[in-house]
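Scroll down for the structure; my scribbles are underneath it.
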Amino acid sequence: MNIAIIGGGNLGKSIAQGLLANNFNASTITITRNRIERLADLKDQGIKVSNNNLEATANAAVVIIAVKPYKIAEILQEIDENISDDKIIVSVVSDFTIAEIENNLTNQPAVVRAMPNTASAVTESITCLASNGNTSDEDITVVANIFNSLGETIQINESLMDAATVLGACGIAYVLRFIRGMIQGGIEIGFDAQTATKIATQTVKGASELLLQKGNHPEAEIDKVTTPKGCTIAGLNEMEHQGFSSALIKGIKTSYDSISK
Ligand SMILES: NC(=O)C1=CN([C@@H]2O[C@H](COP(=O)(O)OP(=O)(O)OC[C@H]3O[C@@H](n4cnc5c(N)ncnc54)[C@H](OP(=O)(O)O)[C@@H]3O)[C@@H](O)[C@H]2O)C=CC1
Ligand SMILES: O=C(O)[C@@H]1CCC=N1
């Protein structure tokens with residue numbers, strides 16, 4: 001099965017890197033962008049790189065569109081002649097609906113919206129998938145198999161796609177900013193940057209694994225750390241006095257309001 005990725009930027013490249021890490025046959029993947037010299041690392045690993053979207057999509061069973069939202073309509077019109085009913089269009093573009101995709105195409109291929117994140121590159125993405133009645137279970141399985149190889153997938157109603165964009169895709173940036181703050185604090189209390197980074201990143205990974213593997217509520221695991229009158233609760237309460245959870249919730253809502261109409 002040939003896969004074309006249209007738009008080899010931050011996310012498109014992450015998807016290609018994840019597919020390679022999962023032993024997808026590199027020669028079945030084509031990725032496009034204008035500045036193809038920026039895809040040299042993927043080319044070196046056997047992926048076809050191109051700046052010609054028509055050539056890239058001609059023999060592709062699955063076309064993944066990963067361009068900026070303001071470009072997707074023009075890309076769909078450009079590749080329209082290659083998009084027969086038997087192809088599957090996957091859009092990772094935020095804020096562009098399945099109906100809008102269909103309106104820019106002549107034929108009626110299966111259309112799936114996918115919202116992965118840049119952890120696709122290390123096969124740790126969470127990808128939310130949404131489709132409508134025109135897409136068969138078989139087509140959804142094909143798309144789910146691709147994104148399962150980049151991490152985990154869940155299927156959602158398209159009405160939740162903006163929320164998925166914020167919590168899952170933007171979420172990577174929120175967590176990284178949290179880690180940066182941990183590192184900055186760690187340096188202030190005595191660690192060099194490298195050691196603080198190692199401690200902070202592994203601690204975040206460990207906290208995630210505690211929830212993923214045990215299925216507990218975060219507060220149940222926090223209770224195990226907070227010794228009465230101890231240093232954890234002292235710091236946690238100060239963070240809450242400074243608006244820690246509130247700032248996060250307000251930031252998530254602001255991101256959501258910026259895309260959701
Ligand atoms: N980044 C993220 O974490 C996430 C992004 N998304 C969505 O993914 C999409 C891409 O985002 P992101 O990867 O960050 O953006 P980038 O700007 O990094 O990537 C977009 C790419 O599209 C390429 N491009 C522009 N015009 C064309 C064209 N005519 N044909 C082929 N390729 C073209 C650009 O190439 P060149 O620079 O050479 O012109 C660029 O590499 C967006 O719609 C975004 O909403 C969704 C989830 C997460
Ligand atoms: O910030 C953005 O608009 C895109 C969508 C999700 C992640 N990056």
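Counting starts at 1 for both ligands and their atoms, in listed order. None of the values given here were measured: they were computed from a predicted structure. Note that these values count all heavy atoms, side chains included, but never hydrogens, waters or copies made by symmetry.
Close approach to R35 involves these atoms of ligand 1, each under 4.0 Å from a residue heavy atom: 36 (P), 37 (O), 38 (O). Near K71, meaning under 4.0 Å from one of its heavy atoms, ligand 1 places the atoms 26 (N). Atoms of ligand 1 found under 4.0 Å from any heavy atom of G8, numbered from 1 in the order shown, are 41 (O). With ligand atoms numbered from 1 in the order given, ligand 1 contributes 43 (O) to contacts under 4.0 Å with heavy atoms of V93. For ligand 1 and T32, the ligand atoms under 4.0 Å from any heavy atom of the residue are 31 (C), 32 (N). If you number the atoms of ligand 1 from 1 as listed, the ones under 4.0 Å from a heavy atom of L11 come out as 4 (C), 5 (C), 6 (N), 8 (O), 13 (O), 46 (C), 47 (C), 48 (C).
Scanning the protein heavy atoms around atom 28 (C) of ligand 1, the nearest turns out to be I75 CD1, 3.5 Å. In terms of protein heavy-atom proximity, atom 30 (N) of ligand 1 is nearest to N53 ND2, 3.0 Å. Protein heavy atom in closest approach to atom 22 (O) of ligand 1: G7 CA, 3.5 Å. If you check which protein heavy atom lies closest to atom 45 (O) of ligand 1, you get S94 OG, 2.8 Å. For atom 17 (O) of ligand 1, the nearest protein heavy atom (residue, atom name, distance) is K68 CE, 3.1 Å.
With sequence neighbours left out, K229 forms a salt bridge (charged side-chain N to carboxylate O under 4.0 Å, His left out) with no residue at all. A search for side chain to side chain donor-acceptor pair (under 3.5 Å) contacts involving T226 returns nothing, not counting sequence neighbours. Applying the side chain to side chain donor-acceptor pair (under 3.5 Å) rule to D86 yields the partners S84; only residues at least two apart in sequence or on another chain are considered.
Comparing V67, T165, N34, I36 against atom 26 (N) of ligand 1, the shortest heavy-atom distance belongs to N34.
In this model, no donor atom of one side chain and acceptor atom of the other lie less than 3.5 Å apart for E74 and N104. Side chains of N25 and T28: a donor-acceptor N/O pair is absent below 3.5 angstrom, by distance only.
Contact shell of ligand 2 (protein heavy atoms, cutoff 4.0 Å): S94, T165, A169.
Put simply, the residue from N134, N107, T97 that forms a side chain to side chain donor-acceptor pair (under 3.5 Å) with E102 is N134. When N145, T127, N148 are each tested for a side chain to side chain donor-acceptor pair (under 3.5 Å) with T153, only one passes: N148.
Using a 4.0 angstrom heavy-atom cutoff, P116 counts as in contact with ligand 1.
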